[in-house]
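Contents: one structure, followed by commentary.
This one's a predicted model, so the numbers in the text were calculated from it and none came from an experiment.
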Amino acid sequence: MTPTILITGFGPFPGAPFNPTEPLVMELARRRQPINVRRVVHVFRVSYEAIDRQLPALLASEKPIALVMFGLAGRTGHLRVELRARNALSRAVPDVGGHRPMRAMIDPEGPSALPLRTPAQRLLLAARAAGVPAALSRDAGRYLCNYLCWRAAEAAGRGGPQLTAFIHVPRVRMVPSRRAGERALGLDDLTEAGEAMVRAAIIAARRQGA
């Protein structure tokens with residue numbers, strides 16, 4: 001049976017009418033694929049209901065060996081490889097459906113954080129080898145990116161994907177950045193880094209399953 005890697009992004013949300021992870025994952029689906037690996041791409045609507053309904057269905061139907069998720073972090077200028085999901089929710093910012101969580105924790109009886117099964121150093125080096133700055137992160141926020149991380153980590157703990165990774169990407173810039181030491185990143189840059197990270201994830205998942 002051909003192994004599958006599931007690659008996900010997000011659509012637009014309040015404050016981000018253009019989410020680069022949507023065209024990013026669609027382009028990754030079109031890339032030439034390694035032999036004997038099937039890529040399945042999904043773009044989540046930025047809503048809690050969509051994640052709760054669609055993620056379990058995707059994992060059940062596709063049974064991926066690896067889940068690589070991309071999300072937008074608009075205030076950063078580099079890629080961030082997330083190491084964990086926080087047991088935290090933002091009650092201040094609604095999702096695209098207008099829903100606001102009623103509590104501050106995803107699981108009131110759960111731990112403060114869940115680790116992601118991520119080959120973090122491999123992904124970090126893959127992004128940097130593609131010429132894109134990247135760093136490790138222990139804070140995925142309190143919004144839908146972190147929520148997806150948490151649900152993915154839960155699924156992995158119940159026998160789901162043997163590898164789960166979440167990468168935050170910056171906004172794509174059409175003009176050079178004015179911040180010292182920070183260069184402009186375009187969609188092509190994100191795609192090259194994303195492709196390198198996906199390939200690194202495939203290699204790591206295969207080795208884990210060997």
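For the pair Glu82 and Arg138, the salt-bridge criterion is not met [side-chain N within less than 4.0 Å of a carboxylate O]. Under a 4.0 Å N-O distance rule, the pair Glu22/Arg45 does not qualify as a salt bridge. Using a 4.0 Å cut-off between charged nitrogen and carboxylate oxygen, Glu192 and Arg31 count as a salt-bridge pair.
Put simply, the side chain of Val132 reaches to within 4.5 Å of the side chain of Leu185, judged on heavy atoms. Side chains of Arg103 and Pro108 form a contact here, defined as non-hydrogen atoms less than 4.5 Å apart. Using a 4.5 Å heavy-atom threshold, the side chains of Arg122 and Arg199 count as separate. Taking the side chain as every heavy atom from C-beta outward, His78 and Arg80 approach each other to under 4.5 Å. With a 4.5 Å cut-off on side-chain heavy atoms, Val37 and Thr2 do not count as touching. Taking 4.5 Å as the limit, every side-chain heavy atom of Phe70 sits out of range of all side-chain heavy atoms of Thr8. Contact check for Pro12 versus Phe18: no side-chain heavy atoms found under the 4.5 Å cut-off.
Here the closest non-hydrogen pair linking Ala134 and Arg128 is O-NH2, 2.9 Å. Between Pro20 and Val172 the shortest heavy-atom distance is CB-CG1, 3.9 Å. Closest non-hydrogen pair, Ile5 versus Ala201, comes out as CD1-CB, 4.5 Å. Closest approach of Phe10 and Leu144 over heavy atoms only: CZ-O, 3.9 Å. Here the closest heavy-atom approach between residue Ala104 and residue Arg142 is recorded as O-NH1, 4.4 Å. What you find for Gly71 and Cys145 is that their closest heavy atoms are CA-SG, 3.7 Å.
Counting only N and O atoms by type, the side chains of His42 and Gln54 include a donor and acceptor under 3.5 Å apart. Judged by distance alone, the side chains of Ser137 and Asp139 never bring a donor and an acceptor atom under 3.5 Å apart. Neither side chain, Arg117 nor Thr164, offers a donor N or O lying under 3.5 Å from an acceptor on the other. Between the side chains of Tyr143 and Asp95, not a single donor N or O lies within less than 3.5 Å of an accepting N or O.
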inquiry  = Assess the residue pair Arg38 and Thr4 against the criterion (side-chain hydrogen bond (donor to acceptor under 3.5 Å, both in side chains)); give the C-alpha distance rounded to whole Å, side-chain angles, the decisive distance to 0.1 Å, and a yes or no.
reply    = CA-CA 5 Å; Arg38 185 173 68 104; Thr4 296; 3.0 Å; yes
task = Apply the test side-chain contact (heavy atoms from CB on, under 4.5 Å) to residues Arg151 and Ile106: give CA-CA distance (whole Å), side-chain angles for both, the deciding distance (0.1 Å), then the verdict.
result = CA-CA 9 Å; Arg151 294 305 186 203; Ile106 300 172; 3.9 Å; yes
Q: May I have the step-by-step check of side-chain contact (heavy atoms from CB on, under 4.5 Å) for Asn36 and Arg206, ending in yes or no?
A: CA-CA 11 Å; Asn36 293 330; Arg206 281 176 159 173; 3.8 Å; yes
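When hydrophobic clusters are built by joining Ile, Leu, Val, Met, Phe, Trp and Tyr residues whose side-chain heavy atoms come closer than 4.5 Å, directly or via intermediates, Ile65 is not grouped with Val25. By the criterion of side-chain heavy atoms lying less than 4.5 angstrom apart, applied directly or through intervening Ile, Leu, Val, Met, Phe, Trp or Tyr residues, Val198 is not grouped with Leu125; the two fall into different hydrophobic clusters. Linking ILVMFWY residues whenever their side-chain heavy atoms come closer than 4.5 Å, directly or via other members, places Leu89 and Leu116 in the same cluster. Residues Leu148 and Val93 share a hydrophobic cluster, clusters being chains of Ile/Leu/Val/Met/Phe/Trp/Tyr side chains in contact below 4.5 Å. Under the 4.5 Å side-chain heavy-atom criterion for Ile, Leu, Val, Met, Phe, Trp and Tyr, Val68 and Leu83 are members of the same hydrophobic cluster.
Side-chain atoms of Arg39 come within 3.5 Å of backbone N or O of Leu28 as a donor-acceptor pair. Counting only distance, with no hydrogens or angles, the side chain of Asn87 and the backbone of Ser112 share no donor-acceptor pair below 3.5 Å. At least one donor-acceptor pair under 3.5 Å links the side chain of Asn146 to the backbone N or O of Arg86.
Interatomic distance, Leu79 CG to Leu123 CG, rounded to the nearest 0.5 Å: 10.5 Å. We find the OH-OG distance between Tyr147 and Ser47 to be 9.5 Å, quoted to the nearest 0.5 Å. Atom-to-atom distance recorded for Leu114:CG and Asp107:CG is 8.5 Å, nearest 0.5 angstrom. Taken from CG in Leu190 to CG in Leu24, the straight-line distance is 6.0 Å, to the nearest 0.5 Å. Remark: Leu6 CG to Leu58 CG distance equals 5.5 Å, nearest 0.5 Å. The CD1 atom of Ile7 lies 12.0 Å from the CE atom of Met69; values are rounded to the nearest 0.5 Å.
By the 6.0 Å contact criterion, CE on Met26 is open, its count of non-hydrogen atoms from other residues, nucleotides or ligands being 12 or less.
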